[in-house]
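I have placed the structure first, in the form of structure tokens, so that the comments after it can refer back to it.
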Amino acid sequence: MPDGEADAHATPRPRVVVAAARVVVADEHALAAGVESGMGLAAARAIAPQLTAIARDAAREEAALEALACWAGGFTPRVVPVAPQALLLEIGGCLRYFGGAENILAAAMHGCAEQGFAAGAAVAPTPQGALWLAQARAAVIAIDMVMLAAALDALPLAPLDLPAATKRRLAEFGARTLGDARRLPRTGLARRIGAASAKQLGCAYGEWPDLRSDFVFPQRFAHALELPSPVEAAPALLFAARRLLAALAGWLSVRQAGIAACTLHLAHRHCAPTVVELRFAAATRDAGRLERVLRERLERLALPAAVESVRLVVDTVEELPGHSGTLFDGGSGNGDEMVALIERLRARLGEVCVHGLAVVAEHRPECASRLLPQGRSDAPVGTAPRPFWLLAVPEVISERSGRPWRNGPLRLLAGPERIESGWWQGEANGSGQPGDARRDYFVALTADARWAWVFRELRPPGGWFLHGWFA
Amino acid sequence: MNSSLAHLLARPDIWRGDRYAAAAVPAVASGFAALDAELPGGGWPRGALTELLVDAVGLGELALLMPALRGIREKGGWSLVVGAPYPLHAPAWAAAGVDLARLVVVSPAAERDALWAAEQALVSGAPDAVVCWSERADARAVRRLQVAAASGTAAAFLFRPTRAAHESSVAPLRLALAAGAGGRLAVSILKRRGPPPAAPIVLEAPRPAPYRDSALAGARPAPAAARSAYRPAWA
């Protein structure tokens, strides 16, 4: 049963999932109060009056299991979802890659906990054996059949997914654990509890082959998640979106692909859905990076109404074999972190505010420097002195007795450098084109000892202008 | 002296009265020998914030940092320029030796965002140098930048107006820049991890043109044909 967003300031209320007025699953607060699964709802309410009952929604459980199966693709491409609440992962082929079964188990439990699921896990040579060990919450890593047999023998029958009739009959025979059931004579047992249950028992101990059909990962990723209650503040959506991002990361891992952009649709009840676009500097499938960029966007987002459900759609997917490639290879190994930092800054400040520079081979100074998303250093530079800072609009400076004056006389120390260019653009108009430029540039020292770059406009009406500052 | 005392004295934040503090991370050479001799560690400190107090742009304050940025280029590191007072002119930066492919410029509209960006960059540890300008940063913002710088090994520089000189600041190195005689740059060290400095250091910063005392010494008169055809209205 998934945890919803907990209200940090209120005392936690016990919650149960009910179906047909019976308690199916109780969370830890309800269990502590004494509610058990199988109890009637009225009895549960009598024990814990402040109970919250959530109706069981099979469709949501299926969707959650499918999203988890996509996430599990990050570990292995062979995943088998077992309805209603179990996942089988075939990890024989990837034990070495992850460094052992303990690492995979720990990573899987951690991932489930991050997405808000309380999970039990176990590792065994047979799928049915692993399923039963996990259902009994015996966190066992059984490497071979001997260990598996020993672990299974100790399991109680109650939490396993055998039919209720079978469990009742086995209890009547006095078998309380699986080991007891195994010791009963086989031929008679198959007749009494049914061939299906006997086969299940045999599959768990490895006596019968157990064939399962693998989960087919969807061709196109479009997963939706309904929120348990409408969410007003955008940052609180991160928790729900985290599950979708984890599923996306696993799906991309199975497809050996990465994304450069994805869209998050937030559905409201009475108005059009809000669309949040996420962009990345390089194709990626790293869940941490997706989450960081999403967090920055959500912190700045203002919602028009409460959000009822969240949907993550990916349109185009790029090939990304092996580990994530980087756009620029960092000489000191910092390329990856720099890309991540630039993405974070862009997500919060906007794409325009974070940029690189490039030199353009142009005589007019305002065209010689260009803003690009990523800087470039290939064009050659001239030898004339150029200021470090160039004003966007040249500042008019006055002229007294034939010399430029700005809070004191300007001392012209180098020049004039004649720059004439751009005749093909005609007059400078308001659309940002500098137009035809005919200027004499000087390096000037102001009265307060600042080094400036001034020019004298040669076309009528002329005049002196300040265009830039040196370092 | 016994070993535990020697251990204590080797820490970067403890120094004896007549010597400089030892730097935990090797400092970035500033490129000016007279300045390096007066700085603890022999250069700009890494993993700490350096405050540069200057009133106006164009005194040579950026020329002071250019050798350090060139040194970072040689090691293939990234530089970040945040909250610059004017738009950058790429040919000048390229001519000064900065690698434009490894330079990122962040110019947000609000100053609060500029300080946030500088803090994020220092915390991430990705760039090797972060240069930030701020008009109205208060002591709390400076403290946050210093804490962020101390968490990594980048060299962080913060330009502030000179009226901040009388405020207290947690930055371990504070310099005030002013114009010296003859077109030179006078650097006064207000605070450092070492003995209080005696007098301002006068440095020969690289200038775009040789300094001359007379007014129009370097300018040549424009040729006759270039005189403008402007006629005043009353002529």
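Order of the sequence lines fixes the chain letters, A, B, ..., with proteins taken first and strands second; residue numbering starts at 1 for each chain. Keep in mind that the numbers below use all heavy atoms, side chains included, and drop hydrogens, waters and symmetry copies.
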At a heavy-atom distance under 4.5 Å, which candidate from A368(A), G356(A), A384(A), P409(A) has the highest pair count against chain B? A368(A)
For R346(A), is it the side chain, the backbone, both, or neither that has a heavy atom closer than 4.5 Å to a heavy atom of chain B? neither
Which portion of W469(A) sits near chain B, non-hydrogen atoms under 4.5 angstrom: side chain
Return the orientation label for the H89(B) and W453(A) ring planes: parallel under 30°, perpendicular over 60°, tilted otherwise.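 The arrangement is tilted - the two ring planes meet at 30° to 60°.
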Would you please classify the geometry between the Y86(B) ring and the W389(A) ring as parallel, tilted or perpendicular, with 30° and 60° separating the classes? tilted
Exceeds 12 heavy-atom contacts within 6.0 angstrom, atom CZ of R279(A):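 It does not: R279(A) CZ has 12 such atoms or fewer within range.
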Rounded to the nearest 0.5 Å, what separates atom [atom1] in [X] from atom [atom2] in [Y]?
| X | Y | atom1 | atom2 | value |
| --- | --- | --- | --- | --- |
| D55(B) | R450(A) | CG | CZ | 9.0 Å |
| M338(A) | R102(B) | CE | CZ | 10.5 Å |
| L345(A) | S124(B) | CG | OG | 8.0 Å |
| Y211(B) | R411(A) | OH | CZ | 4.0 Å |
| L371(A) | L88(B) | CG | CG | 9.0 Å |
| L349(A) | W116(B) | CG | CH2 | 5.5 Å |

Which pair of heavy atoms, one from A449(A) and one from A179(B), lies closest together, and at what distance? CB-CB, 3.2 Å
Heavy-atom pair with the smallest gap, counting every atom of L357(A) and L100(B):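 The answer is O-CB, 3.8 Å.
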Kindly say whether F388(A) contributes a backbone atom to a donor-acceptor pair with the side chain of W93(B) at under 3.5 angstrom?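 Side chain of W93(B) to backbone of F388(A): a pair is present.
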Assess the residue pair V443(A) and R207(B) against the criterion (side chain to side chain contact (heavy atoms under 4.5 Å, CB included)); give the C-alpha distance rounded to whole Å, side-chain angles, the decisive distance to 0.1 Å, and a yes or no. CA-CA 10 Å; V443(A) 175; R207(B) 296 294 186 192; over 6 Å; no
Tell me, side chain or backbone of L64(B) under 4.5 Å from chain A's heavy atoms, or both, or neither? neither
